[in-house]
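Sequence lines set the chain letters: A, B, ... in the order given, protein chains first and strands last, and positions in each chain run from 1.
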Protein chains: 2
Amino acid sequence: MAKINVLIVEDDPLIAEDIRDLLSRVNYNIVGIAHSKADALNLLRNTSPDISLLDINLGDNTDGILIAEIINETYKIPFLYLTSYSSKVILDKVKHTLPMGYVVKPFDEADLFTAIEIAISNYSLFNKSENFTIETINASIPNKLTQKEFEVLLDMYNGCSNTEMADKNFVSVNTIKTHVQKIYEKLDAHSRATFIVKIRQLLQT
Amino acid sequence: MAKINVLIVEDDPLIAEDIRDLLSRVNYNIVGIAHSKADALNLLRNTSPDISLLDINLGDNTDGILIAEIINETYKIPFLYLTSYSSKVILDKVKHTLPMGYVVKPFDEADLFTAIEIAISNYSLFNKSENFTIETINASIPNKLTQKEFEVLLDMYNGCSNTEMADKNFVSVNTIKTHVQKIYEKLDAHSRATFIVKIRQLLQT
DNA sequence: GAAGAAGTCATCCTTTTGGGTGATTTTTAA
DNA sequence: TTAAAAATCACCCAAAAGGATGACTTCTTC
């Protein structure tokens, strides 16, 4: 099994190294340790973590929350909060970012592993749009979609008519209709409505 | 704020009482403590918990998982697993039940509170289908749907063509078409595709 | 550079939708 | 009991979608 890429965002170097040691011993690959918001954004941009562990408090501020928001907007990976203490106040401040969990420091090895694995396995189920890639769709059907077909599929899923798609792609409606036909064949759908249902099914499994 | 109703499913009486004490001191109401699967099903049926804390191992079996499955099917409330230890093996066995989290025993007060609150606040966001009622839809639109229209809407959402709906409801296609038109007016949609998108929007807010 | 896949477009035809209007019956509620 | 709302259906027309087939033009890729 491929190692799970983890990004650690934790200002305390001792704790960060502690986590790295724990995780490195088993099936995890640490793509980086960020001690600040800037570090974190940089690593998010340049590595491809599968999950991020976020300290809420970086130095004297709550930059962890900002990083979480950016992850949700741009990177769409699950994350867990690392907190030194848990309180209703903290919770209210972070829950809108929909963390996949939290780990209260100090934590033990097993807790951390469990939290990470549950986070990753549940995230894909919860975050449906994350699954909405050509790879996920193709993994579930015998006749694979081409790139173009997937683009058309996305537009269809977002409510475009054939004419609208033709216009925005500068091709004729006939071309779009051909793509649509192929998509229907490959997904075993026969109308816009059944197509949507098929997509829902594919994204849920 | 109304107290949060909690169902505790835990075979160890000491731990169960410990949890009850912890939670009762603050904003929680314990609707019951179940020591067995039978107890749990009974309490689920007769009380209305907002969340359940499930020990995975009840006695010498993993009835906690079965209870989780029943909760998912029938009661649709969030639950957290209480585990004495965490391992990949356990995790693989439980993750298909989509727990909102887990708490590893022994746990401290703050951990438990945080886990419960996050579970409850996130559950409603994750569980979209729970929101799919005529009330939720009507709450978001100026011209309310009638009951019949909502039924047609559900069929449309599930991929039925007008003809299919006419057949299964023993009415003419014309009747269905009238309902569909009304639905489009009220939702400001103009085709099956845009209708689906509108519904998605309504369910997400 | 040849073969195959992917993308482009056309034509033909049928079925389904979308839309508008009007009318009748049934239900609901004042 | 009566007026309003909801549900039923019809007819008309235009637009869009669905389905099949064939052909031409890029791209890849070996």
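- B:Tyr75 places no side-chain N or O within donor-acceptor distance of the main-chain N or O of B:Pro49, the cut-off being under 3.5 Å.
- Residue pairs meeting the salt bridge (charged side-chain N to carboxylate O under 4.0 Å, His left out) criterion with at least one member in residues 41-55 of chain A, sequence neighbours excluded, are A:Asp55-A:Lys105.
- Among residues at least two apart or in separate chains, salt bridge (charged side-chain N to carboxylate O under 4.0 Å, His left out) pairs with a member in residues 138-148 of chain A are A:Lys148-A:Glu151.
- With contacts defined as side-chain heavy-atom distances shorter than 4.5 Å, the pair B:Ile56/B:Leu82 does not qualify.
- Across residues 178-195 of chain B, B:Thr178, B:His179 each have a non-hydrogen atom less than 4.0 Å from an atom of DNA chain D (numbered order).
- Taking 4.5 Å as the limit, every side-chain heavy atom of A:Thr146 sits out of range of all side-chain heavy atoms of A:Phe150.
- The closest side-chain heavy-atom distance from A:Ile71 to A:Ser52 is below 4.5 Å.
- Atoms CD1 (B:Ile176) and P (D:dT8) sit 7 Å apart, rounded to a whole Å.
- Among residue pairs with one or both ends in residues 156-172 of chain A, those qualifying as salt bridge (charged side-chain N to carboxylate O under 4.0 Å, His left out) are A:Asp155-A:Lys168; sequence neighbours excluded.
- Here A:Phe195 and A:Tyr157 keep their ring centres 6.0 angstrom or further from each other.
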**Test log, rule side chain to side chain contact (heavy atoms under 4.5 Å, CB included), inputs A:Asp188 and A:Lys198** = CA-CA 8 Å; A:Asp188 186 30; A:Lys198 281 281 170 185; 3.9 Å; yes
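- Residue B:Thr175 is classed as a base contact, given a heavy-atom separation below 4.0 Å to a base.
- Rounded to a whole Å, the CG atom of A:Asn174 is 17 Å from the P atom of D:dG22.
- Under the 4.5 Å side-chain criterion, counting only non-hydrogen atoms from C-beta, A:Ile77 is not in contact with A:Ile51.
- Against DNA chain D, the stretch residues 143-150 of chain B makes heavy-atom approaches under 4.0 Å through B:Thr146, B:Lys148.
- What separates NZ of A:Lys177 from P of C:dC12 is a distance of 13 Å, to the nearest Å.
- Residues from residues 157-169 of chain B with heavy atoms under 4.0 angstrom of DNA chain D: there are none.
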